[in-house]
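Residue numbering restarts at 1 for every chain, and letters A, B, ... go by the order of the sequence lines.
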Amino acid sequence: MDYNFREIEKKWQKAWADNKTYKTEIDHSKPKFYVLDMFPYPSGAGLHVGHPLGYIASDIYARYKRLKGFNVLHPMGYDAYGLPAEQYAIQTGTHPAVTTGINIARYREQLDKIGFSYDWDREVRTSEPDYYKWTQWTFIKLFHSWYNKNNQKAEPIEALIAVFAESGNSDINAACSETAEFSAAEWLAMSEKQQQELLMNYRLAYLADTMVNWCPELGTVLANDEVSEGFSVRGGHPVERKTMKQWSLRITAYADRLLEGLDRIEWPESIKEIQRNWIGRSEGCSATFAIKNFDQNLEIFTTRADTMFGVTFMVLAPEHPFVEEITTTECREKVQAYQHWAKNRSERERMTEVKKISGEFTGAYAINPLNGEEIPIWVADYVLMGYGTGAIMAVPGHDTRDFAFARHFGLPIRQVVSRKGETPVDPSDWEDSYDSKEGVMINSGFITGLEVKEAITTTIRKIEEMGIGYGKVNFRLRDAIFSRQRYWGEPFPVYYKDGMPYTLSEDELPLELPEVDAYLPTESGEPPLARAKNWVTKEGYSLETNTMPGFAGSSGYYLRYMDPRNNAEYFSKEANEYWQNVDLYMGGAEHATGHLIYSRFWNKFLYDLGIAVKDEPFQKLINQGMIQGRSNYVYRITGTNKFVSYNLRKDYDTQSLHVDVNIVHNDILDINEFIKWQPQFAGSEFILEDDKYICGWEVEKMSKSKYNVQNPDDLIEKYGADTLRLYEMFLGPLEQSKPWDTNGIEGVFRFMRKLWRLFHDADNNFRVNDNPPTPEELKVLHKTIRKIQEDTERFSFNTSVSTFMICVNELAELKCNNRSILSELTVLISSYAPHIAEELWSLLGNKGSVTLATFPVYNDSYTAENTFKYPVSFNGKMRFLLELPLDIPVSEIEKAVLSAPESAKWLEGKAPKKMIVVPGKIVNVVI
RNA sequence: GCCCGAGUGGUGGAAUGGUAGACACGAAGGACUUAAAAUCCUUUGGCCAUCGCGGCCGUGCCGGUUCGAGUCCGGCCUCGGGUACCA
């Protein structure tokens with residue numbers, strides 16, 4: 001074959017590895033650029049064609065930046081802890097490290113075949129002690145830190161202890177769990193255990209009884225982002241709510257900064273929006289309602305202080321501590337039954353039966369502080385204990401949920417907001433509540449007549465004066481649960497003394513994962529690490545048996561890449577000051593509420609410690625779209641072994657079956673292959689159209705069971721890595737989801753061979769001429785340089801590939817085999833198709849790698865034109881083209897257009913009303 | 001329900017408010033060949049046409065702004081994605 005990609009690609013992959021072509025060091029003479037891919041979890045299935053999409057795109061960009069003179073950091077590693085390897089260990093007894101090692105080797109082999117420019121000397125694996133030492137180290141730092149809201153910064157816990165001893169906690173403004181006030185004297189009088197318990201309320205990594213998502217099937221708790229609609233994201237097992245003692249990270253302390261930082265980073269709007277919703281900041285106020293015949297006040301949170309005159313009942317969450325105390329004797333039985341029912345109702349039922357309204361009257365009454373009205377207190381599970389105070393003031397006139405509840409139980413509805421210019425009607429005739437914040441207050445005492453927004457601030461001011469409430473901001477974001485009852489994860493550097501947790505000292509790290517006899521919980525239900533022998537410190541204190549969650553290791557890996565072999569520090573100051581943060585981060589949108597928020601938190605914490613120089617880890621983020629599968633179907637006539645071609649299927653009663661896409665070409669079934677494919681199809685008969693069996697198709701998720709999986713290795717074997725790289729880009733815009741369809745790959749392969757032939761004669765001998773390039777050749781080249789540069793910088797790689805095709809077509813047309821033109825083209829294409837570029841570069845007589853070349857400089861003078869073919873429109877409709885010099889004045893253009901022979905027909909003898917002339921663009925004649 | 005994103009030929013897609021359909025795939029016809037592969041050439045949005053002049057329609061639908069709208073604005077429809085008793 002003329003273009004021998006197999007030989008070329010093997011040769012250059014070896015050369016790159018042997019010469020460490022992509023090894024990167026700090027180089028202060030060059031500007032830095034950090035291009036990062038989200039590192040993969042190495043699953044047993046290997047890579048399919050969807051995985052490399054983002055890797056190829058970022059590789060093209062990294063290579064482009066090198067040609068542009070940047071010192072590019074482009075590392076790769078593995079998110080090596082994960083459930084599948086552990087599940088496999090439970091089933092087979094194979095240590096997860098073994099499985100993971102095998103899978104990594106397979107991934108590496110596949111990645112190498114695609115020709116990425118990774119600096120493999122910087123590889124990290126989250127499950128290696130050298131790496132997770134720093135995950136543990138960060139945990140220790142979190143444990144010994146608290147968040148000072150006054151300066152919005154994490155600070156050492158020692159400073160807090162000093163303040164406690166000096167003046168107690170009354171002057172402290174911390175992000176903390178609810179803590180009673182105490183004086184310095186009280187603090188000093190406490191036992192160590194009491195002090196430790198108290199400090200736990202302030203630590204950024206803390207142990208507490210928490211309502212968790214417990215997944216019995218996986219035998220572990222899960223973070224909120226690992227649960228979707230009551231099922232685990234990994235594996236789809238049911239999840240229930242349960243109170244357990246768990247490690248948590250006080251990410252809520254950073255809620256405001258996580259929100260604010262979004263405005264300073266270049267991420268897709270959709271991802272920022274998802275994070276904003278996840279953080280869920282809402283401004284409102286807290287207000288306390290007195291309860292009749294009860295000495296404590298009920299605190300609620302509301303964003304609609306303006307509607308306080310419209311409150312007709314109160315609602316408590318079933319778990320609210322007041323329920324028991326305020327419920328009257330007459331109501332006790334029913335309320336307790338309701339609480340019991342609500343408690344045993346699974347999360348899933350609550351999710352799916354959202355519309356089902358339930359609740360019970362407690363018999364107690366609250367007193368509206370603004371108008372003194374007595375209002376009934378109900379208990380209902382549409383109020384959640386986990387948000388706000390677990391209690392609400394219900395305003396059925398202006399809140400959809402309260403409205404539905406009031407209607408269901410026949411509670412009064414009162415209107416207090418009126419749409420402008422509308423006469424209020426009796427709410428009992430309403431079909432919906434009026435939730436909008438547009439309108440004027442009515443029936444509302446001192447705020448009647450005010451606009452809603454004004455009414456809110458006025459009411460808050462009033463309740464602050466009354467001393468019954470204050471303006472308050474609430475967040476939906478919850479602290480991140482950080483313990484897992486699993487084996488395959490980072491051990492906590494924690495031991496227990498007198499029931500209280502203490503951290504190991506930093507010089508005892510890493511605390512290595514111990515061996516166990518089985519990867520299952522113990523009989524008493526303790527996590528697998530409880531099986532480890534001698535799982536105690538030197539002093540004999542028992543070590544923590546939980547392990548860290550999947551997001552622990554991925555939260556700071558981008559920092560470790562800067563200095564991955566450093567044994568004394570997470571990373572050196574020098575490395576961090578040089579590499580700063582990630583300039584371009586490429587990965588999937590599915591990490592929006594997990595990894596991408598945890599890393600931002602992790603990074604901000606390290607920034608507070610003065611360890612990281614940038615507070616945002618990923619300056620620019622691009623989400624590559626998902627590659628969907630394109631499945632093929634055959635149609636079997638029901639109850640027979642006869643298959644009918646796609647367009648004839650309507651005449652029969654058929655059932656559709658998935659067929660392996662690898663035995664279908666352009667939707668035409670390879671019948672011989674089909675018969676051999678599965679034994680059940682051996683004697684099949686076919687009803688054909690035009691002598692062909694046409695298959696149906698559909699876009700679906702790529703999966704084994706749908707027989708639509710395409711594996712990059714097969715395509716590389718057939719077409720080569722360069723073709724695969726170009727084709728994945730050619731498929732469409734990077735950020736869009738798109739079906740994988742190999743039909744178009746032939747066109748890209750044809751292009752590669754055309755490119756090769758530009759450099760070779762008919763007998764495949766390398767041949768270029770050293771003549772000075774012609775103006776036509778220079779024009780084609782420089783047009784291409786400009787477009788490739790533009791497209792690459794805006795990540796429009798699909799149009800870059802088209803541009804290369806156009807360039808090669810035009811150069812072939814010109815019979816160009818000019819050395820200087822082809823040399824520059826080789827450099828241009830080297831970031832897209834690096835193997836062929838290296839080969840051509842060396843055939844052109846260059847000694848070093850093409851990666852050391854410089855990106856060609858665009859020269860305007862080669863593309864400049866003297867004339868332009870104006871599209872001439874009449875009333876906006878393009879009628880003909882007229883070629884005119886570019887340097888004539890507008891008046892000349894007008895004259896030329898009107899005197900053009902074609903114009904007469906459209907002018908119909910009339911004089912134009914107006915003429916629009918955009919020089920070099922268009923002419924429009926208005927009649 | 002709410003918040004994003006997208007709707008363009010048979011298919012993937014292109015197009016700073018300025019020639020809609022670049023570049024490919026597929027299809028049809030042809031050249032070369034004993035044949036196949038490979039390669040090359042022609043046609044390819046729809047409709048009309050005295051098919052070598054040309055014309056009309058056309059970017060999900062309805063309006064608007066503009067000399068000019070796939071692109072901007074308003075209102076709908078459909079399909080993806082996210083999220084949900086968050087007070």
Colleague: Taking the side chain of Phe301(A) as heavy atoms from C-beta outward, which of rC85(B), rC3(B), rA87(B) is closest to it?
Modeller: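 Shortest atom-to-atom distance from the side chain points to rA87(B).
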Colleague: Between the side chains of Ser433(A) and Asp399(A), does any donor sit under 3.5 Å from an acceptor?
Modeller: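 On atom types as modelled, these side chains do not qualify, holding no pair under 3.5 Å.
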Colleague: Between rG55(B), rC57(B), rC40(B), which nucleotide gets closest to the side-chain atoms of Trp906(A)?
Modeller: rG55(B)
Colleague: Would you mind telling me which of rG18(B), rA87(B), rA84(B) lies closest to the side-chain atoms of Ile916(A)?
Modeller: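 Nearest to the side chain of Ile916(A) among the choices is rG18(B).
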Colleague: As a test of the definition: with a 90° window around 0 for syn, would you call rG9(B) syn or anti?
Modeller: syn
Colleague: Could you tell me which nucleotide pairs with rA20(B) by Watson-Crick or G-U wobble geometry, both distances under 3.5 Å, or answer none if nothing does?
Modeller: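 The answer is none; no pair meets the criterion.
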Colleague: Please classify the nucleic acid contact of Lys921(A) as base, sugar-phosphate, or nothing, using heavy-atom distances under 4.0 Å.
Modeller: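 Base, at least one base atom sits under 4.0 Å.
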Colleague: Taking only the side-chain heavy atoms of Arg757(A) (C-beta and beyond), determine which of rC40(B), rC85(B), rA22(B) contains the nearest atom.
Modeller: rC40(B)
Colleague: On the 0 to 90° scale, with breaks at 30° and 60°, tag the Phe880(A)-Phe874(A) ring pair as parallel, tilted or perpendicular.
Modeller: tilted
Colleague: Quantified in whole Å, what is the C1' atom distance between nucleotide rU71(B) and nucleotide rU65(B)?
Modeller: 14 Å
Colleague: Checking one value: the base orientation of rC73(B), syn if chi is within 90 degrees of 0, otherwise anti.
Modeller: anti
Colleague: Would you say Ser796(A) and Thr799(A) are linked by a side-chain donor-acceptor pair, where the criterion is simply a distance under 3.5 Å?
Modeller: yes
Colleague: Return the value, rounded to whole Å, for the distance between atom NZ of Lys787(A) and atom P of rC23(B).
Modeller: 12 Å
Colleague: Please check the phosphate of rA84(B) (OP1 and OP2 only) for any side-chain N or O of Arg476(A) closer than 4.0 Å.
Modeller: yes
Colleague: Between rU19(B) and rA69(B), how far is it from one P atom to the other, in whole Å?
Modeller: 12 Å
Colleague: Take atom C1' in rC23(B) and the same atom in rG30(B), then report the distance between them in whole Å.
Modeller: 24 Å
Colleague: Of the candidate nucleotides rU83(B), rC25(B), rA14(B), which contains the atom at the shortest distance from the side chain of Arg750(A)?
Modeller: rC25(B)
Colleague: Under 30°, 30 to 60°, or over 60°: which ring-plane class applies to Phe5(A) and Phe749(A), parallel, tilted or perpendicular?
Modeller: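 Answer is perpendicular, since the angle exceeds 60°.
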Colleague: Take the protein atom CG of Asn474(A) and the nucleotide atom P of rC86(B), then report the distance between them rounded to whole Å.
Modeller: 13 Å
Colleague: Checking all strands, does Asp402(A) fall into the base, sugar-phosphate, or nothing category for heavy-atom contacts under 4.0 angstrom?
Modeller: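 No contact at all - Asp402(A) keeps every heavy atom at 4.0 Å or more from the nucleic acid.
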Colleague: Phosphate oxygens OP1/OP2 of rG13(B): is one of them under 4.0 Å from a side-chain N or O of Gln736(A)?
Modeller: yes
Colleague: What I want to check is whether an N or O donor and acceptor connect the side chain of Lys754(A) with the base of rU39(B) at under 3.5 Å.
Modeller: no
Colleague: Expressed as a whole number of Å, how far does the C1' atom of rA15(B) sit from that of rG75(B)?
Modeller: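 Going atom to atom, C1' in each nucleotide, I get 27 Å.
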Colleague: Which part of the nucleic acid, if any, lies within contact of Ile392(A), taking any heavy atom under 4.0 Å across all strands shown: a base, the sugar-phosphate backbone alone, or nothing?
Modeller: base
Colleague: With P as the reference atom in both, quote the distance from rC73(B) to rG18(B) in angstrom, rounded to an integer.
Modeller: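 About 15 Å, rounded to a whole number of Å.
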Colleague: Does Glu813(A) come within less than 4.0 Å of Lys815(A), counting only side-chain N to carboxylate O?
Modeller: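 Salt bridge flag = no for Lys815(A) with Glu813(A).
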Colleague: Taking only the C1' atom of each, what is the distance from rC47(B) to rC40(B) in whole angstrom?
Modeller: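 Those two atoms are separated by 33 Å.
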Colleague: In Watson-Crick or G-U wobble terms, both distances under 3.5 Å, what is the partner of rU66(B)?
Modeller: none
Colleague: Let's test this: given Watson-Crick or G-U wobble pairing with both distances under 3.5 Å, identify the partner of rA36(B).
Modeller: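 WC or wobble partner does not exist here.
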Colleague: Round to a whole Å and report the spacing from CG of Leu734(A) to C1' of rG12(B).
Modeller: 15 Å
Colleague: Side-chain N or O of Ser873(A) versus OP1/OP2 of rU19(B): is the shortest distance under 4.0 Å?
Modeller: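 No, Ser873(A) has no side-chain N/O under 4.0 Å of OP1/OP2 on rU19(B).
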Colleague: Quick one: look up who rU44(B) pairs with, Watson-Crick or G-U, both distances under 3.5 Å, and put none if it's unpaired.
Modeller: rG26(B)
Colleague: Checking Arg757(A) side chain against Asn764(A) main chain: does a donor-acceptor pair fall under 3.5 Å?
Modeller: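 Side chain of Arg757(A) to backbone of Asn764(A): no pair is present.
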Colleague: From C-beta outward on Ser270(A), which listed nucleotide comes closest to its side chain: rC4(B), rA15(B), rC85(B)?
Modeller: rC4(B)
Colleague: For the pair made of CZ in Phe751(A) and P in rC25(B), what is the distance, rounded to whole Å?
Modeller: 12 Å
Colleague: Looking at rC67(B), rG13(B), rA87(B), which one has an atom nearest to any side-chain atom of Leu384(A)?
Modeller: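 My answer, after comparing the listed nucleotides, is rA87(B).
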Colleague: Counting only Watson-Crick pairs (N1-N3 plus N6-O4 or O6-N4) and G-U wobbles (N1-O2, O6-N3), all under 3.5 Å, who is the partner of rC2(B)?
Modeller: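 Per the H-bond distance test, rG82(B).
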Colleague: With a 3.5 Å cut-off and no angle check, do the side chains of Ser358(A) and Tyr382(A) form a donor-acceptor pair?
Modeller: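 There is no such pair between these side chains.
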Colleague: Report yes if some heavy atom in the side chain of Pro369(A) is under 4.5 Å from a heavy atom in the side chain of Thr288(A); otherwise report no.
Modeller: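 Sidechains of Thr288(A) and Pro369(A): no contact.
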Colleague: Say we look at rA14(B) and rA24(B): how far apart would their P atoms be, to the nearest angstrom?
Modeller: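 Result for the P pair: 15 Å, nearest Å.
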Colleague: Classify the nucleic acid contact of Lys877(A) as base, sugar-phosphate or nothing, counting any heavy atom under 4.0 Å across all strands shown.
Modeller: sugar-phosphate
Colleague: Categorize Asn924(A) for me: base, sugar-phosphate, or nothing, with a 4.0 angstrom heavy-atom threshold over every strand shown.
Modeller: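 Touches a base.
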Colleague: Nearest-Å distance, CZ (Phe797(A)) to P (rG13(B))?
Modeller: 17 Å
Colleague: What I want to check is whether the side chains of Thr742(A) and Tyr727(A) have a donor and an acceptor closer together than 3.5 Å.
Modeller: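 On atom types as modelled, these side chains do not qualify, holding no pair under 3.5 Å.
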Colleague: Considering only rG18(B), rC85(B), rG54(B), which nucleotide approaches the side chain of Lys905(A) most closely?
Modeller: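 Ranking rG18(B), rC85(B), rG54(B) by closest atom to the Lys905(A) side chain puts rG54(B) first.
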Colleague: Please work out if Arg794(A) contacts a base, only the sugar-phosphate, or nothing of the nucleic acid, heavy-atom cut-off 4.0 Å.
Modeller: sugar-phosphate
Colleague: For Asp860(A) and Tyr858(A): C-alpha separation, side-chain torsions, deciding distance, then whether side-chain hydrogen bond (donor to acceptor under 3.5 Å, both in side chains) applies.
Modeller: CA-CA 6 Å; Asp860(A) 217 11; Tyr858(A) 170 66; 3.1 Å; yes
Colleague: Closest to the Asn798(A) side chain: rC85(B), rA24(B), rA14(B)?
Modeller: rA14(B)
Colleague: Does Asn277(A) put a side-chain nitrogen or oxygen below 4.0 Å from OP1 or OP2 of rC4(B)?
Modeller: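 Checking Asn277(A) against rC4(B): no side-chain N or O falls below 4.0 Å of OP1 or OP2.
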Colleague: Tell which nucleotide pairs with rG9(B), taking only Watson-Crick or G-U wobble pairs whose two distances are both under 3.5 angstrom.
Modeller: none
Colleague: Between rA22(B), rG12(B), rG18(B), which nucleotide gets closest to the side-chain atoms of Val918(A)?
Modeller: rG18(B)
Colleague: Take atom CD of Glu728(A) and atom C1' of rA24(B), then tell me their distance rounded to the nearest Å.
Modeller: 16 Å
Colleague: Using the P atom as the point on both nucleotides, what is the distance between rG58(B) and rA20(B), in whole Å?
Modeller: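 Here rA20(B) and rG58(B) have their P atoms 13 Å from each other.
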Colleague: Please work out if Thr803(A) contacts a base, only the sugar-phosphate, or nothing of the nucleic acid, heavy-atom cut-off 4.0 Å.
Modeller: nothing
Colleague: How long is the line joining CH2 of Trp267(A) and P of rC4(B), in whole Å?
Modeller: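 After rounding, the gap between these two atoms is 19 Å.
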Colleague: Under 4.0 Å, heavy atoms only, any strand: does Arg879(A) hit a base, just the sugar-phosphate, or nothing?
Modeller: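 Sugar-phosphate, backbone atoms only, no base.
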Colleague: rU50(B) pairs with which nucleotide, Watson-Crick or G-U wobble, both distances below 3.5 Å?
Modeller: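 rU50(B) is paired with nothing.
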Colleague: Figure out the CD/C1' separation between Glu269(A) and rA6(B), and round it to whole Å.
Modeller: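 The answer, rounded to whole Å, is 17 Å.
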Colleague: Side-chain N or O of Lys738(A) less than 4.0 angstrom from OP1 or OP2 on rG12(B)?
Modeller: no
